[in-house]
Amino acid sequence: MDEVVVEVEKRKREWEDAYEKTIEHITAIQECGKSRRGEEKVSLQRLNGLAQDGLSLLNSLQFSLDLLAPQLPSDHHVQSTRSLLETWKNQYQSLGVNLRSANLQAKDNMRKAAQQERELLLGGGTESTELRHKRQANAGVTSDAESITESLRRSRQLMVQEVERSTNTLVAFDESTGVLKKAESEYKGHRSLFSRTRNLLSTMQRQDVIDRVILIIGFSLFACAVLYVVSKRIGILRLQQMATAAIKARLAGKAANADGMPLVHQFDGGNTVPNVNIPIQQRLHDEL
């Protein structure tokens, strides 16, 4: 059986016991004042204290049942418990009304008993003398009993309030425990997510290092290729310049032979270019 259902059944049994005892106390209050006045006064105070304690216990049981009702496993149990709670509230109000009526009846009975006692005291005789002596002997005991009873009643009320406060604290602790368990499960899920994220970041960092190395190697190879091409192109240009100069010199030599002049030409700077026999039709090949 569900734990909440068990607790509800326990509250029902406690309510029945407390309700019956409270009715007995109210009935006893209603019968007060029909015998001796001093004894009935002490009994009335004690019975009122017991009745008030019973009402406090019934109120506490109502509050506890109101907290347990939403936690029941099915809607049927919830609805039946709500109906029972309404019945308890009506019974509680009825007990309060009956307690007030019983106190009024007890006061009326005590008034009648006091009047009879006063008539007996004024009447004189042996019976009235014994009654006076007995009242004087029991006056101190009655006062002490009243104070002790009142102290016990206040202590009981304080204990009931502490029990209610402890119950509310336990309920709050249960709710806090549920919240902590939920937070722990969420933390475990986030921790696995953090672990996967950390692994992905490590993989990305390694890939970044590999990409940097590849870029550096590729750039180095590209720079070497560019330097090689540039160096080759500069060599070809020099060769072309030398070939052009040789062709011009040959053409100039032919023109000088035709005029009977030596094949010597002066250039700026005092340098002479020897006659290089390179055919005009020779093709220049580009090494690239």
Side-chain angles (χ1 to χ4, degrees), residues 1-32 43-106 149 152-194:
M1 186 179 292
D2 189 74
E3 295 181 358
V4 180
V5 178
V6 174
E7 291 294 328
V8 170
E9 294 297 329
K10 183 179 178 181
R11 298 296 186 278
K12 289 180 181 178
R13 292 191 296 269
E14 293 177 355
W15 173 273
E16 292 176 358
D17 295 338
Y19 184 75
E20 291 178 358
K21 291 180 180 179
T22 306
I23 289 178
E24 292 176 359
H25 297 326
I26 292 174
T27 304
I29 290 171
Q30 191 174 2
E31 296 296 326
C32 284
S43 178
L44 179 62
Q45 292 181 351
R46 183 173 62 83
L47 289 175
N48 272 290
L50 294 174
Q52 291 294 335
D53 292 340
L55 290 175
S56 299
L57 179 58
L58 293 176
N59 190 20
S60 175
L61 291 173
Q62 289 184 45
F63 179 75
S64 178
L65 186 66
D66 193 15
L67 291 177
L68 292 173
Q71 304 177 23
L72 290 169
S74 63
D75 294 336
H76 175 70
H77 288 87
V78 174
Q79 294 297 329
S80 62
T81 305
R82 292 293 186 187
S83 300
L84 180 62
L85 186 61
E86 292 296 328
T87 303
W88 285 7
K89 290 180 179 179
N90 294 330
Q91 291 178 351
Y92 180 81
Q93 294 175 357
S94 177
L95 287 176
V97 174
N98 293 334
L99 180 60
R100 288 191 292 271
S101 300
N103 278 288
L104 292 175
Q105 183 64 37
T149 302
L152 291 175
R153 188 177 67 82
R154 288 195 298 268
S155 300
R156 180 180 176 83
Q157 289 179 350
L158 290 175
M159 292 176 65
V160 171
Q161 293 176 359
E162 290 297 328
V163 169
E164 292 178 357
R165 189 179 295 108
S166 300
T167 303
N168 297 332
T169 304
L170 289 175
V171 172
F173 282 160
D174 291 337
E175 294 177 355
S176 301
T177 303
V179 173
L180 289 175
K181 289 181 178 178
K182 184 178 179 181
E184 182 181 4
S185 62
E186 292 180 355
Y187 172 73
K188 289 181 179 179
H190 290 306
R191 184 172 61 183
S192 61
L193 179 61
F194 289 156

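Only a predicted model underlies this, so the values are computations on that prediction, with no experimental measurement involved.
Results of the side chain to side chain donor-acceptor pair (under 3.5 Å) test with Ser60 over Glu164, Glu14, Arg11, Gln161 single out Glu164 as the only residue that passes.
Lys12 has no carboxylate O lying under 4.0 Å from a charged side-chain N of Glu16, or vice versa, which leaves the two without a salt bridge. A salt bridge is absent between Glu184 and Lys181: the closest approach of a Lys/Arg side-chain nitrogen to an acidic carboxylate oxygen does not fall below 4.0 angstrom.
In this structure, NZ in Lys21 is found 8.5 Å from CD in Glu24, a value given to the nearest 0.5 Å. Note: Gln52 CD to Leu47 CG = 12.0 Å, rounded to the nearest 0.5 Å. Between Leu95 atom CG and Leu58 atom CG the span is 6.5 Å, to the nearest 0.5 Å. Rounding to the nearest 0.5 Å gives a distance of 8.5 Å between CZ of Phe173 and OG1 of Thr177. Taken from NE2 in His77 to CG in Leu68, the straight-line distance is 13.0 Å, to the nearest 0.5 Å. One distance of note links CG of Asp75 with CZ of Arg82; it measures 11.5 Å at 0.5 Å rounding.
The heavy-atom pair separating Ala18 from Leu57 by the smallest distance is CB-CD2, 3.7 Å. The two residues Val78 and Ala69 have their closest heavy-atom pair at CG2-O, 3.4 Å. Of all non-hydrogen atoms in Lys89 and Gln62, the two that sit nearest each other are CG-OE1, 3.2 Å. Trp88 and Leu61 get closest at one heavy-atom pair: CZ3-O, 3.9 Å.
Counting heavy atoms from C-beta outward, Ile26 and Thr22 have side chains that approach closer than 4.5 Å. Residues Gln79 and Ser74 fail the side-chain proximity criterion, which asks for heavy atoms closer than 4.5 Å. Side-chain contact check for Asn168 versus Leu67: some heavy-atom pair is nearer than 4.5 Å. Between Val160 and Asp53 the shortest side-chain heavy-atom distance does not fall below 4.5 Å.
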Stepwise side chain to side chain contact (heavy atoms under 4.5 Å, CB included) check, Glu175 with Val171: CA-CA 6 Å; Glu175 294 177 355; Val171 172; 4.0 Å; yes
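Under a 3.5 Å cut-off, the side chain of Ser94 and the backbone N or O of Asn90 do not form any donor-acceptor pair. A donor-acceptor contact shorter than 3.5 Å links the side chain of Asn103 to the backbone of Leu99.
Within 6.0 Å of the CG atom in Asp174, the count of heavy atoms belonging to other residues, nucleotides or ligands exceeds 12.
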